[in-house]
2 protein chains.
Amino acid sequence: MPHQDVSVTVDLVVLTVRDDDLAVLLVRRGIPPYRGRLALPGGFVHAQEDLPAAAGRELEEETGIRGLGGHLEQLATFGTPGRDPRGRVVTVAYLALVPDPGPLVAGSDAASASWNSVGELETGGRRLAFDHSQILTAGLERARAKLEYSTLATSFCPPEFTINELRRVYEAVWGQPLDPRNFHRKVTGTPGFVEATGTTTGRQGGRPAQLFRPGGATALHPAMLRP
Amino acid sequence: MPHQDVSVTVDLVVLTVRDDDLAVLLVRRGIPPYRGRLALPGGFVHAQEDLPAAAGRELEEETGIRGLGGHLEQLATFGTPGRDPRGRVVTVAYLALVPDPGPLVAGSDAASASWNSVGELETGGRRLAFDHSQILTAGLERARAKLEYSTLATSFCPPEFTINELRRVYEAVWGQPLDPRNFHRKVTGTPGFVEATGTTTGRQGGRPAQLFRPGGATALHPAMLRP
DNA sequence: TCAAAAGTGTTGACTCTACACCCATGT
DNA sequence: ACATGGGTGTAGAGTCAACACTTTTGA
């Protein structure tokens, strides 16, 4: 047979919005190769484990969160020979969009995991370990595109949220301001995007905002247009 | 290490439009498992071979065509344990959109390759070998979605084509008729979608149509809307 | 002259943008 | 009262669907 066995890993692009800023979860490598460099979290797929299960397991190990309004989807597969100096390693990258989980659990693997501003990474031109910069770029592109034609932005929000919080998600991911008035009309006018809870939040010195849950719809027709 | 070595293959969803009908390239399996069943073409990734290179090689082996206006992109990766009864096999599926290449070369691997109407497969509920029905469904979804917001429909056409041929591509992929007048305006009015060659074709008993080449644009803004 | 296919004009419905404006609460 | 943020009304530009209409060829 003209082939050889290879190792298969999953790598995760975990995105969240913290303080109106898009952030990605990165780990600092403690062992060679690329020792001391930042990398995407990930690991080997177990013997009898499905790919989505492996991605979910890694996500839980790194962040402690488990499906609480978050979203996980396959991104792309990278297998260029030489991408890992230790041998032929094919990695299936997954994209996760999660609400801000607060302080990260100081678990075994997650000891070195931290949130990093995507804006700073992109302007600073910082190189990640392996081909992880390329994977991160693919994840950001996918996330930015999907907010246009899906309701996935709610995956970044806690179970209940205001329209303003949802708008700040869009602004953080796209790096562009949106008109609050038109955004409100677009979201509330799209059937199934969000669902009113009936309660309000009287936080700061302003009119209390209605609280919403994610609705049943997943696609957005017509799309939310980028400015 | 909590992992095992696995085999990696590429499988191809090769689509074309023949006689105003969307068709997919399938091979009839000559050996077990699934002997005699229809399957997607594909094969093992070679030792020092990149994934896109493996997909391109398989495409050439099966169809004889080589990048002549066609398009090849990664689709998704499937690795559920047990999807191949011979062992743990992870497959990276690729999607190819190609012009009708005429009769298939009677090459070694391609001896049993043939074009199959997608419409008949979908209505007939015919099951392919392995999880290839699922992969085919993913490829069709991707192709149908991409025609909306990209200029990829030209990948189905020969180097020079008329607006009518391009419209028939859309109609075959979507399975829906489109208004010829509005389609013409949309295509010729989008900068970079198509580029006039200056020549015309005087085939049948009608006014000769202008011939076009693909233009430089890849994205479509605003999108071509499905009826 | 007629059929067939290519291409243009026009109208009403819808959507988006931009911004003026009103509503509800804390201090 | 007034600042602060939540939410609604409205006019102009652009796009799309639908269809009447003109143009250019072969038989």
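In what follows, chains are A, B, ... by sequence order, proteins preceding strands, each numbered from 1. Since we're looking at a predicted model, the values are computed, not measured.
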Exercise for review: Using atom CG of L211(B) as one end and atom C1' of dG7(C) as the other, report the distance to the nearest whole Å.
Suggested key: 15 Å

Check your understanding: With nearest nucleotides of DNA chain D determined for R167(A) and A223(B) from heavy-atom distances, which residue corresponds to the more 5′ nucleotide?
Key -> R167(A)

Point to revise | Options dT17(C), dG6(D), dT10(C), nucleotide nearest the side-chain atoms of L225(A) | key: dT17(C)

Point to revise | Ring centre gap for F183(A) and Y170(A) strictly below 6.0 Å | key: yes

Check your understanding: Just how far, in rounded Å, is P of dA17(D) from CD of Q176(B)?
Key -> 12 Å

**Study point:** Phosphate OP1/OP2 of dA18(D): any N182(B) side-chain N/O under 4.0 Å
**Key:** no

Exercise for review: Measure from NE2 on H221(B) to P on dC16(C) and round the result to the nearest Å.
Suggested key: 15 Å

**Study point:** R127(A) atom CZ, over 12 foreign heavy atoms within 6.0 Å
**Key:** no

Point to revise | Candidate nucleotides dT25(C), dG6(D), dC16(C), ranked by approach to the side chain of A209(A) - the nearest | key: dG6(D)

Check your understanding: What about R207(A): does its side chain form a donor-acceptor pair under 3.5 Å with the base of dG6(D)?
Key -> yes

Exercise for review: Compare side-chain N and O positions of H184(A) against OP1 and OP2 of dT8(D) and report whether any pair is under 4.0 Å apart.
Suggested key: yes

Exercise for review: Look at atom CG of D19(A) and say whether more than 12 heavy atoms of other residues, nucleotides or ligands are closer to it than 6.0 Å.
Suggested key: no

Review point. Could you state the CZ-C1' distance from R226(B) to dC16(D), rounded to the nearest angstrom?
Key: 17 Å

Revision key, fill the gap. Of the candidates dT8(C), dG7(D), dA18(D), the side chain of Q210(A) sits closest to dG7(D)

Point to revise | Atom-to-atom span, CZ of R181(B) to P of dA5(C) - whole angstrom | key: 14 Å

Check your understanding: With a 4.0 Å cut-off, would you call R142(B) and E73(B) a salt bridge?
Key -> yes

Study note, to complete from the structure: K186(A) NZ to dC14(C) C1', in whole Å, measures 12 Å

**Study point:** Shortest side-chain distance from R185(A), nucleotide among dC16(D), dC23(C), dC19(C)
**Key:** dC19(C)

**Study point:** Enclosure of R213(A) CZ (heavy-atom neighbours >12, cutoff 6.0 Å)
**Key:** yes

Check your understanding: Quick one: F183(B) CZ to dA17(D) P, roughly how many Å, whole number?
Key -> 12 Å

Exercise for review: May I have the distance from D179(A) (atom CG) to dA11(D) (atom P), rounded to whole angstrom?
Suggested key: 18 Å

